[in-house]
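FYI, side chains are in, hydrogens and waters are out, and symmetry mates aren't considered; it's all heavy atoms of this structure. Just so it is clear, the model here is predicted, and its values are computed rather than measured.
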Amino acid sequence: MNLHTQITLLLLIVGLHAFAQEKFAVAEGQVLFDGYDPVSYFENAPEKGNEEYSINHEGRKIYFLNESNKQRFLLDSEKYFPTYGGWCSISMTKGLFVYPDYSFYKIQDGRLHFFAVKAFYNGKTAWEKDPELHQIIADKKYEEYFPEQ
């Protein structure tokens, strides 16, 4: 790797680290998970919710398909809220905050994970190579940014 590439990568990592002060993949006031109902991932398939059944969650909106899903979330938000604030799980293993594609997901140990997919890269496929190890590493990296209080 030449010096120019190394400097570029270093600047990218520093920039991502500064950007990573955001716990969630969207800014305050925006809709989380591209409008998908997080409870629906635990059912047949992910579906978009609607504003009629929305809640405000730490300054962001979450849409639900119906009142039942909304209530299920409110009763156990830790179960239904995606890991790592909705960021790409495999990227988190490197301490990077990358926007996921919300149609690429996995439920592992009862936790919802999202993955980025770009051109010739599928984060879910990379995760599947060693899901238990990746989860341990990603948990540790996320905890470094957002220690439990």
Side-chain angles (χ1 to χ4, degrees), residues 9-10 12-149:
L9 286 174
L10 178 62
L12 178 63
I13 290 169
V14 169
L16 286 172
H17 182 71
F19 173 71
Q21 301 310 309
E22 270 301 325
K23 183 176 181 179
F24 301 114
V26 299
E28 191 166 339
Q30 292 185 319
V31 178
L32 286 169
F33 325 126
D34 200 25
Y36 281 96
D37 174 346
V39 176
S40 71
Y41 286 90
F42 291 84
E43 297 171 345
N44 294 332
E47 293 187 57
K48 294 244 183 176
N50 74 57
E51 192 170 10
E52 180 181 349
Y53 304 109
S54 66
I55 63 167
N56 184 2
H57 183 80
E58 296 186 35
R60 281 102 177 140
K61 293 179 185 176
I62 300 177
Y63 288 177
F64 300 94
L65 286 170
N66 50 47
E67 186 65 27
S68 174
N69 281 12
K70 177 180 167 181
Q71 292 306 317
R72 287 170 62 193
F73 181 88
L74 291 171
L75 288 172
D76 194 358
S77 62
E78 277 196 38
K79 173 182 177 178
Y80 296 110
F81 199 88
T83 56
Y84 320 124
W87 295 101
C88 171
S89 291
I90 192 68
S91 299
M92 192 57 60
T93 64
K94 302 202 179 7
L96 301 176
F97 291 73
V98 175
Y99 290 102
D101 178 327
Y102 298 107
S103 60
F104 286 82
Y105 69 97
K106 175 182 181 162
I107 296 174
Q108 179 176 317
D109 298 330
R111 298 167 66 190
L112 175 58
H113 294 267
F114 290 131
F115 302 96
V117 177
K118 307 283 183 204
F120 299 102
Y121 180 77
N122 181 323
K124 185 177 179 186
T125 301
W127 182 272
E128 291 294 344
K129 291 178 181 174
D130 196 342
E132 290 80 19
L133 178 61
H134 287 136
Q135 184 166 297
I136 290 167
I137 294 169
D139 285 351
K140 184 175 175 106
K141 291 288 186 180
Y142 191 74
E143 178 70 19
E144 288 174 11
Y145 287 104
F146 306 105
E148 289 186 32
Q149 313 229 340

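Applying the ring pair (Phe, Tyr, Trp, His ring centres under 6.0 Å) criterion to Y105, with sequence neighbours excluded, gives Y41. Residues passing the salt bridge (charged side-chain N to carboxylate O under 4.0 Å, His left out) test with D130: none are found, sequence neighbours excluded.
Going from atom NZ of K129 over to atom NE2 of H134 covers 8.5 Å, rounded to the nearest 0.5 Å. Here the straight-line distance linking atom CG of D109 with atom CD1 of I107 works out to 11.5 Å at 0.5 Å rounding. We find the CZ-SG distance between F114 and C88 to be 11.0 Å, quoted to the nearest 0.5 Å. Taken to the nearest 0.5 Å, the CD1 atom of I137 stands 12.5 Å off from the OG atom of S89.
Between K106 and K124, the closest heavy-atom pair is CB-CE, 4.2 Å. Across all non-hydrogen atoms, the minimal contact from W127 to T93 is CZ3-CG2, 4.1 Å. Closest of all the heavy-atom pairs between I90 and Y121 is CG2-OH, 3.4 Å. Closest approach of K79 and F42 over heavy atoms only: O-CZ, 3.3 Å.
No more than 12 heavy atoms of other residues, nucleotides or ligands sit less than 6.0 Å from atom CG of N44. Taking a 6.0 Å sphere around CD of E78, one finds it holds 12 or fewer heavy atoms contributed by other residues, nucleotides or ligands.
Residues K118 and D101 are not paired through a salt bridge, judged by the lack of any N-O separation under 4.0 Å between the basic side chain and the carboxylate.
F97 and Y145 have perpendicular rings, their planes meeting at more than 60° on a 0 to 90° scale where under 30° would count as parallel. Using cut-offs of 30° and 60° for the angle between ring planes, the H57 and F73 rings count as perpendicular. Taking the six-membered ring where the residue is Trp, F33 and F81 present perpendicular rings, their angle passing 60° and hence far from 30°. Ring planes of H113 and F115: parallel class, angle under 30° (limits at 30 and 60°).
Side-chain atoms of T83 come within 3.5 Å of backbone N or O of L112 as a donor-acceptor pair. The closest donor-acceptor contact from the side chain of D37 to the backbone of L65 lies under 3.5 Å. With hydrogens and angles disregarded, a donor-acceptor distance shorter than 3.5 Å links the side chain of S40 to the backbone of E47.
Side-chain contact between P100 and Y102 is present, with at least one heavy-atom pair separated by less than 4.5 Å. Contact of the Y63 side chain with the I55 side chain is not registered, since no non-hydrogen atoms from C-beta on lie closer than 4.5 Å. Side-chain contact check for K70 versus I62: every heavy-atom pair is 4.5 Å or farther apart.
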For this session: Kindly determine whether Y80 and N69 satisfy side-chain contact (heavy atoms from CB on, under 4.5 Å), including the steps that lead there.
Result: CA-CA 10 Å; Y80 296 110; N69 281 12; over 6 Å; no
Problem set entry | Stepwise side-chain contact (heavy atoms from CB on, under 4.5 Å) test for L96 and K141 | CA-CA 9 Å; L96 301 176; K141 291 288 186 180; over 6 Å; no
Exercise. Can you list the steps and then say if N50 with Y53 is a side-chain contact (heavy atoms from CB on, under 4.5 Å)?
Worked result: CA-CA 6 Å; N50 74 57; Y53 304 109; 3.6 Å; yes
